[in-house]
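What follows is a single structure, written as C-alpha cells, with notes after it.
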Amino acid sequence: MNTVYSPPLTGPTFQRAQHVTFIQHEPRVHGGQLRIDIEALGSSVDVVKAWTTPHGFFDSFEVAGPVVVLGGTFNAYADDIAPWLPSLRRWLARAIPAYRTVFGVCLGHQLIAASLGGRVSVDDPRGPEKSITRIRWKSDDPFVKAIGSAPIAFADHADAVVDVPTDARILAHSDRYIQAMRIKNAVSVQFHPEINADVIEEWYRDDEPGNLPTYRRDFETHEKQLRDLSRRVATWIVSRG
C-alpha cells in the first residue's frame, strides 16, 4: 500500500499562496474542481482568459504566486488557432528556469515541454487516452509524496510529450505515455485533476453524447479517488506560496 502524505496547512514552515493565477485557453476548459479546492484552502484565484489577450501579452506578463496552465482542445504548436501560444511558450521558457512555481495540465504539460526543448507528438499513433487511466509513479519527488502516489486519474488527450526537456525529471507513466514531470519548481501532468461531475457534462454532453454515460459512470465509480487527487494537487499548489 502506498504511503499517503499530505503537507501541513498550518505551522511555522507553511506559507500559503495568497493568489493563484490560472491561464485558461478556452471557455469550457476551466479550473473545475481544482479551482474549487484551491479557493477552499483560502487562496484567491485570478483567471487570464488567453483568447482575449492582445498580441504578445505574455512577453510582459508579471504575476505573483503560482501559475496553473490549463488544457485545451488544440495542440501545443497550434499558433494559427491560438495566437497567444508563442508568447506563452516564451514566458514559460523564462519563468521555469527562474524557479517560478508553474503547474501544467494536459495542454499545459505539453506547452511546458515544448517551451524548454522537449517534443510533443500531435495525434500520437499509439492512440488517445480517455477517461480513467492507471498511473505508475516512479519517483520519490515531494510532489509525488504530496499527492499520495495516486493510482488512477482522468485523462483526455491525443497528443503527448514524447521527449522531455534536458533537465526534466519524469515522475509518472501510464501504459503508453509520460504522465508527469518536474523541471525545477514546475510540475506538469498529462491527466486532468480538475475533473468533476459538472466538467464531465460540459465536455461531453455535446461533443460525445454517445460516450457520456460511460464517462459519467467512470467518474462516479472513482469519484472519491479523483476528488482526493484534486484536493492534494490544490494543497501542493497553494503550499508553494
Side-chain angles (χ1 to χ4, degrees), residues 20-41 43-53 66-76 78 81-85 88 102-112 120 122-123 127-135 147 150 152-160 174 177 179-180 188-238:
V20 177
T21 300
F22 280 60
I23 297 175
Q24 183 176 339
H25 300 285
E26 300 178 60
R28 284 198 308 167
V29 189
H30 51 75
Q33 189 62 41
L34 189 59
R35 175 174 181 171
I36 292 170
D37 290 334
I38 287 172
E39 291 177 331
L41 290 167
S43 298
S44 65
V45 172
D46 298 319
V47 179
V48 176
K49 297 179 179 179
W51 67 94
T52 70
T53 59
V67 174
V68 178
V69 185
L70 293 168
T73 57
F74 41 82
N75 69 65
I81 298 172
W84 60 89
L85 290 184
L88 177 55
V102 179
F103 184 75
V105 176
C106 197
L107 172 61
H109 167 68
Q110 297 160 14
L111 285 167
I112 289 172
V120 177
V122 176
D123 288 327
E129 287 180 315
K130 289 273 193 176
S131 196
I132 300 302
T133 299
R134 297 287 170 181
I135 309 295
I147 65 168
I152 59 100
F154 191 96
D156 185 351
H157 69 104
D159 305 340
S174 64
Y177 297 115
Q179 289 291 327
S188 60
V189 298
Q190 183 59 72
F191 54 83
H192 287 278
E194 78 277 22
I195 202 74
N196 62 21
D198 291 339
V199 171
I200 293 282
E201 297 297 320
E202 288 181 66
W203 287 3
Y204 304 115
R205 183 175 52 240
D206 296 327
D207 291 354
E208 297 185 47
N211 293 325
L212 180 57
T214 298
Y215 297 144
R216 283 175 179 156
R217 183 175 62 250
D218 289 349
F219 176 77
E220 290 167 0
T221 300
H222 299 281
E223 181 173 7
K224 182 177 179 180
Q225 289 173 290
L226 296 172
R227 292 288 296 273
D228 183 64
L229 175 59
S230 175
R231 283 191 294 269
R232 290 177 179 277
V233 171
T235 300
W236 181 86
I237 291 169
V238 305

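Just so it is clear, the structure is predicted and the values come from calculations on it, not from any experiment. Nothing fancy with the numbering, it's 1 onward along the sequence.
- Remark: side-chain polar atoms of Thr53 are paired, donor with acceptor, to backbone N or O of Ala50 under 3.5 angstrom.
- Below 30°, between 30° and 60°, or above 60°: for Trp84 and Phe74 the angle between ring planes is above 60°, a perpendicular geometry.
- In this structure, the side chain of Ser43 does not engage the main chain of Glu39 through any donor-acceptor pair within 3.5 Å.
- Looking only at side-chain heavy atoms (C-beta outward), Trp203 and Val29 come within less than 4.5 Å of each other.
- Between Arg231 and Leu34, every side-chain heavy-atom pair lies at or beyond the 4.5 Å cut-off.
- Side-chain N or O atoms of Glu26 include one that pairs as donor or acceptor with a backbone N or O of Thr73 at under 3.5 Å.
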Between Leu226 and Ile132, is a side chain to side chain contact (heavy atoms under 4.5 Å, CB included) present by the stated rule, with each step listed?
CA-CA 10 Å; Leu226 296 172; Ile132 300 302; 4.0 Å; yes
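- A donor-acceptor pair is defined here as one N or O able to donate and one able to accept, closer than 3.5 Å; no such pair exists between the side chain of Gln225 and the backbone of Ile152.
- Ion pairing between Arg232 and Asp228 holds under the 4.0 Å rule for side-chain N and carboxylate O.
- Contact between Gly32 and Val199 at its shortest, heavy atoms only, is CA-CG2, 4.0 Å.
- Val68 has its side chain out of reach of Ile23: every pair of non-hydrogen atoms, C-beta onward, lies at least 4.5 Å apart.
- From Ile195, atom CD1 reaches atom CZ of Phe219 across 7.0 Å, with rounding to the nearest 0.5 Å.
- In terms of modelled atom types and a separation under 3.5 Å, the side chain of Asn211 and the main chain of Thr214 share no donor-acceptor contact.
- A salt bridge links Arg28 with Asp207; the closest basic N to acidic carboxylate O contact falls under 4.0 Å.
- Looking at Gln33 and Pro193, their side chains never come closer than 4.5 Å, going by heavy atoms from C-beta outward.
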Show your reasoning for whether side chain to side chain contact (heavy atoms under 4.5 Å, CB included) applies to Phe22 and Ile38.
CA-CA 11 Å; Phe22 280 60; Ile38 287 172; 3.7 Å; yes
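- Ring geometry, Tyr177 versus His157: the interplanar angle exceeds 60°, so the pair is classed perpendicular (tilted spans 30 to 60°).
- Taking both residues in full, the closest heavy atoms of Phe154 and Phe191 are given as O-CB, 3.4 Å, listed atom of the first, atom of the second, then distance.
- Contact annotation: the side chain of Tyr215 approaches that of Glu208 to within less than 4.5 Å [non-hydrogen atoms, C-beta and beyond].
- No side-chain heavy atom of Ser188 sits less than 4.5 Å from a side-chain heavy atom of Phe103.
- Atom CG of residue Asn196 and atom CZ of residue Arg35 lie 13.0 Å apart, to the nearest 0.5 angstrom.
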His192 vs Cys106, side chain to side chain contact (heavy atoms under 4.5 Å, CB included): CA-CA, chis, key distance, verdict:
CA-CA 7 Å; His192 287 278; Cys106 197; 3.5 Å; yes
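- With a 4.5 Å cut-off on side-chain heavy atoms, Val67 and Val48 do not count as touching.
- Interatomic distance, Glu194 CD to Leu70 CG, rounded to the nearest 0.5 Å: 6.5 Å.
- Using a cut-off of 4.0 Å between Lys/Arg side-chain N and Asp/Glu carboxylate O, Lys130 and Asp156 are scored as salt-bridged.
- Between the side chain of Asp159 and the main chain of Asp123, a donor-acceptor pair closer than 3.5 Å is present.
- Side-chain contact check for Ser174 and Glu129: at least one donor-acceptor pair (N or O, by modelled atom type) lies under 3.5 Å.
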Could you walk me through whether Val69 and His109 pass the side chain to side chain contact (heavy atoms under 4.5 Å, CB included) check?
CA-CA 8 Å; Val69 185; His109 167 68; over 6 Å; no
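- Remark: Arg216 does not engage Glu220 in a salt bridge, criterion side-chain N to carboxylate O under 4.0 Å.
- Atoms CG and CG, on Leu88 and Leu107 in that order, are 8.5 Å from each other to the nearest 0.5 Å.
- One N or O on the side chain of Thr133 and one on the backbone of Ser131 form a donor-acceptor pair closer than 3.5 Å.
- Between the side chain of Gln24 and the backbone N or O of Pro27, at least one donor-acceptor pair lies under 3.5 Å.
- In this structure, the side chains of Gln179 and Val189 stay at 4.5 Å or more apart for every pair of heavy atoms.
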